[in-house]
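Owing to the predicted nature of the structure, the values given are computational and were not obtained by experimental measurement.
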Amino acid sequence: QVQLVESGGGLVQPGGSLRLSCAASGRTFNSYKIAWFRQAPGKEREFVSNIAWNSQITYYADSVKGRFTISRDSAKNTVHLQMNNLKPEDTAIYYCAAGSRIITSNIRNSNAYDYWGQGTQVSVSS
């Protein structure tokens, strides 16, 4: 059974940093792409970033480009999202997702992903 477990969320002041982790288990993810989405209260779930498990190709939403960095640790089956210079508008529940049929045209579409974690809360406030 596939499991994605997020961790690392919390409360941080504007300008601060957090590092989210997504631990994946239950299958081999070599052909998968792993993404981070987020959902703020009253808003739709939105794409944040994506990385291919077997390459260094990454994608970012324009709103986080230059501030967030996605990476993977294949030995630990974990994907990280380093978030720097956090802003109040980054406040949301952050979800990890995995998909085997992700291509450039659907990379930002949450419906294209097969597996989801339970989410971790990120709050940015002074």
Taking D73 for the side chain and T78 for the main chain, is one N or O donor matched with an acceptor at less than 3.5 Å?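 Pair absent, no side-chain N/O of D73 close to backbone of T78.
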Where the side chain of T91 meets the backbone of V124, is there a donor-acceptor pair that is under 3.5 Å apart?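 Checking the backbone N and O of V124 against the side chain of T91, a donor-acceptor pair under 3.5 Å is found.
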[X] and [Y]: same hydrophobic cluster, using ILVMFWY side-chain contacts below 4.5 Å?
X    : Y    : answer
Y115 : I70  : yes
Y94  : L11  : no
Y95  : V5   : no
V48  : W116 : no
I102 : L4   : no

Considering all heavy atoms of both residues, which atom of [X] and which atom of [Y] are nearest to each other, and what is their separation?
X    : Y   : value
H80  : S21 : ND1-OG, 2.9 Å
R67  : S63 : NH2-O, 2.9 Å
G9   : L20 : N-CD2, 3.6 Å
Y60  : T69 : OH-CA, 3.4 Å
I107 : Y59 : CD1-CD1, 3.0 Å
G119 : E6  : N-OE1, 2.9 Å

Within a radius of less than 6.0 Å around CD1 of I103, do more than 12 heavy atoms belonging to other residues, nucleotides or ligands occur?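 Yes, CD1 of I103 has more than 12 neighbouring heavy atoms, counting only those of other groups under 6.0 Å.
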Near Q3 CD, under 6.0 Å, is it more than 12 heavy atoms from other residues, nucleotides or ligands?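 Count not over threshold, so no.
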Distance (rounded to the nearest 0.5 Å) between [X] [atom1] and [Y] [atom2]:
X    : Y    : atom1 : atom2 : answer
F37  : I93  : CZ    : CD1   : 15.0 Å
R108 : N50  : CZ    : CG    : 9.0 Å
Y113 : I34  : OH    : CD1   : 9.0 Å
L81  : T120 : CG    : OG1   : 11.0 Å
W36  : I51  : CH2   : CD1   : 12.0 Å
K65  : T58  : NZ    : OG1   : 9.5 Å

Given side chains that start at C-beta, do those of W53 and N77 come closer than 4.5 Å, heavy atoms only?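 Yes. Closest side-chain heavy atoms under 4.5 Å.
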Determine which pairs satisfy salt bridge (Lys or Arg N to Asp or Glu O under 4.0 Å) with at least one residue from residues 114-126, sequence neighbours left out, and list them in order.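 Salt bridge (Lys or Arg N to Asp or Glu O under 4.0 Å) check on residues 114-126 returns R101-D114.
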Provide the full list of salt bridge (Lys or Arg N to Asp or Glu O under 4.0 Å) pairs with a residue in residues 19-38, sequence neighbours left out, each pair given once.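 Listed once each, the pairs are R38-E46, R38-D90.
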Verdict with supporting geometry, F29 and N54, side-chain contact (heavy atoms from CB on, under 4.5 Å): CA-CA 8 Å; F29 289 93; N54 59 359; over 6 Å; no
Which pairs of donor and acceptor atoms, one on a side chain in residues 82-89, lie under 3.5 Å apart (sequence neighbours left out)?
{"unit_1": "Q82", "atom_1": "NE2", "unit_2": "N84", "atom_2": "OD1", "d": "2.9"}
{"unit_1": "N84", "atom_1": "OD1", "unit_2": "S17", "atom_2": "OG", "d": "2.9"}

